[in-house]
Protein chains: 2
Amino acid sequence: MPTPERTTTEAIVQAGSALLEESGPAGVTMQAVATRVGVRAPSLYKRVRDREALLQAVAGEAADALASRLASSDDDLTALAAVYRGFAHDRPEAFRLLFTPVAPEDALHRASAPVLRACAALVGVEHALDAARLFTAWATGFLQMELAGAFRLGGDVDDAFAYGLQAIVRGLGSGTA
Amino acid sequence: MPTPERTTTEAIVQAGSALLEESGPAGVTMQAVATRVGVRAPSLYKRVRDREALLQAVAGEAADALASRLASSDDDLTALAAVYRGFAHDRPEAFRLLFTPVAPEDALHRASAPVLRACAALVGVEHALDAARLFTAWATGFLQMELAGAFRLGGDVDDAFAYGLQAIVRGLGSGTA
DNA sequence: ACCTGAACACCGTTCAAGT
DNA sequence: ACCTGAACACCGTTCAAGT
């Protein structure tokens, strides 16, 4: 006799995301997720291959959320940088997860279209990809350092972010080739 | 009756580093480390508070190794970038560990003196810290993306690295304030 | 004084048995 | 057709007992 479904993949992924922000990656145990969706741990395996697949799904959802925020931003690097930083502040653990081997390989890629457009406008289509990689690498590294507390000693973090962004835009704008 | 010591903290940390590169963070189990130094797992707790402290020590050793490489490099951003990238390629897992919450807070800080000197020469002492943060953030983000395979699609990675470095040096060199 | 086996708590995962 | 208790393998950690 069929049994009604007591949870959904979506609810599981959402529980995983919530636990991730509350307790970090180690807090995302199958048991904690199961409890949160009102089921026993073995039942999760009906919807999710294993814990790694669950974390991948959480990373995928985060990538989509980031992509959607970036897509509704202005297409210039200053606005995109602010949106990117806002996401990292709102969901620091998910942001970190995106740059982990567990993340789907194309996680970043999905979010990169607006950055590519902004870069093309600044340096031309020919160097847009290199420029986007420069911008993304800087922003990602900066935010990870900020989240890790690497900027505790000296200086204002907001100022350092603005300084870096300006220098990059300057460097890209004055490109020779 | 005293028993001779059958291992040392140094051997334990070195075993941890080797296992980290061979099998990633999950491969650094207390049992695997113990086996590698010829002892049983519980004995490790004589030298190391717990697994997290062991990983911290591994991260600390990696930070020292990186600092030592950077210290014997030329004090210009191009040379430092190449050394930084070389370290990330030689010890990718240790490099990743350095930007993880487990890393000692001052891990990066220890390696930053040469970068600060190079930046001071380029933009003056007043903006050396902001410039060093720009450079370090870019290099770190770029290398993490490279290690994660985020550059699989299109373009030459070496070229993208050189392009980014040039744009940053250009942007820093043409600073206004 | 250091090392170890045994034990405990906890986790991921499987599977036969329930409904 | 989905859910669950029971079981297994594995891991981190503690501790009394060995030498």
Side-chain angles (χ1 to χ4, degrees), chain A residues 1-61 93-94 96-97 100-104, chain B residues 1-61 93-94 96-97 100-104:
Chain A
M1 198 208 306
T3 309
E5 314 192 346
R6 237 160 281 186
T7 185
T8 63
T9 304
E10 197 191 341
I12 290 169
V13 172
Q14 214 246 326
S17 294
L19 282 164
L20 178 68
E21 295 303 337
E22 285 169 23
S23 340
V28 187
T29 68
M30 299 303 271
Q31 325 219 19
V33 171
T35 299
R36 200 175 255 256
V37 299
V39 111
R40 299 289 184 165
S43 299
L44 298 180
Y45 293 83
K46 277 279 148 180
R47 332 253 171 201
V48 154
R49 185 166 30 81
D50 55 16
R51 181 173 178 272
E52 190 181 339
L54 170 53
L55 285 174
Q56 268 172 26
V58 170
E61 184 276 329
E93 293 289 348
R96 261 194 281 262
L97 187 67
T100 277
V102 59
Chain B
M1 198 206 308
T3 308
E5 314 192 347
R6 237 161 279 188
T7 186
T8 63
T9 303
E10 197 191 341
I12 290 169
V13 172
Q14 213 246 327
S17 294
L19 282 165
L20 178 68
E21 295 303 337
E22 287 169 23
S23 337
V28 186
T29 68
M30 299 303 271
Q31 325 220 17
V33 171
T35 299
R36 199 175 254 259
V37 300
V39 110
R40 301 288 185 166
S43 300
L44 297 179
Y45 293 82
K46 276 280 147 176
R47 332 254 170 201
V48 154
R49 187 166 28 82
D50 54 17
R51 182 172 178 272
E52 190 180 338
L54 169 52
L55 285 173
Q56 268 173 26
V58 170
E61 184 275 330
E93 292 289 350
R96 263 193 279 261
L97 187 67
T100 278
V102 57

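Worth knowing before you read on, the calculation uses all heavy atoms, side chains too, and leaves out hydrogens, waters and symmetry mates. Residue numbers begin at 1 in each chain, while the letters A, B, ... track the order of the sequences.
Checking C/dC11, D/dT13, C/dT13 against the side-chain heavy atoms of A/Thr29 singles out C/dC11 as nearest. Which of D/dT13, C/dC2, C/dT4 sits closest to the side chain of B/Arg40 comes down to C/dT4. Candidate nucleotides C/dG12, C/dC3, D/dT4 were compared by shortest atom distance to the side chain of A/Tyr45, and C/dG12 ranks first. Side-chain atoms of B/Thr3 lie closest to D/dT19 of the nucleotides D/dT13, D/dT14, D/dT19.
In this structure, B/Arg47 reaches the sugar-phosphate backbone alone: every heavy-atom distance under 4.0 Å involves primed, P, OP1 or OP2 atoms, never a base.
Taking atom CZ of B/Arg51 as the reference point, atom P of D/dG12 lies 6 Å away to the nearest angstrom. Here D/dT14 presents its P atom at 14 Å from CD of B/Gln31, a figure rounded to the nearest Å. Rounded to an integer number of Å, the gap from B/Lys46 NZ to D/dG12 C1' is 18 Å. Across the protein-nucleic acid pair, B/Glu5 atom CD and C/dT4 atom P stand 13 Å apart, rounded to whole Å. Atom P of nucleotide C/dC11 and atom CG of A/Leu54 are separated by 15 Å, given to the nearest angstrom. In this structure, A/Leu19 places its CG atom 11 Å from P of C/dG12, rounding to the nearest Å. When the P atom of C/dG12 is taken as reference, atom CE of A/Met30 falls 7 Å away, rounded to whole Å. Between the CZ atom of B/Arg6 and the C1' atom of C/dC3 there is a distance of 6 Å, given to the nearest Å.
Residue B/Gln14 qualifies as open at atom CD: its count of foreign heavy atoms under 6.0 Å is 12 or below. Residue B/Glu22 places its CD atom among more than 12 non-hydrogen atoms of other residues, nucleotides or ligands, all under 6.0 Å distant.
OP1 and OP2 of D/dC2 both lie 4.0 Å or more from every side-chain N or O belonging to A/Ser43.
A donor-acceptor contact shorter than 3.5 Å links the side chain of A/Arg51 to the backbone of A/Val28. A donor-acceptor contact shorter than 3.5 Å links the side chain of A/Glu21 to the backbone of A/Glu93.
Residues B/Arg47 and B/Ile12 share a closest heavy-atom pair of CG-CD1, 3.5 Å.
Of all nucleotides present, none satisfies the Watson-Crick or G-U wobble test against C/dC10 with each distance under 3.5 Å. Under the Watson-Crick or G-U wobble criterion, with both distances below 3.5 Å, C/dT4 is paired with D/dA16.
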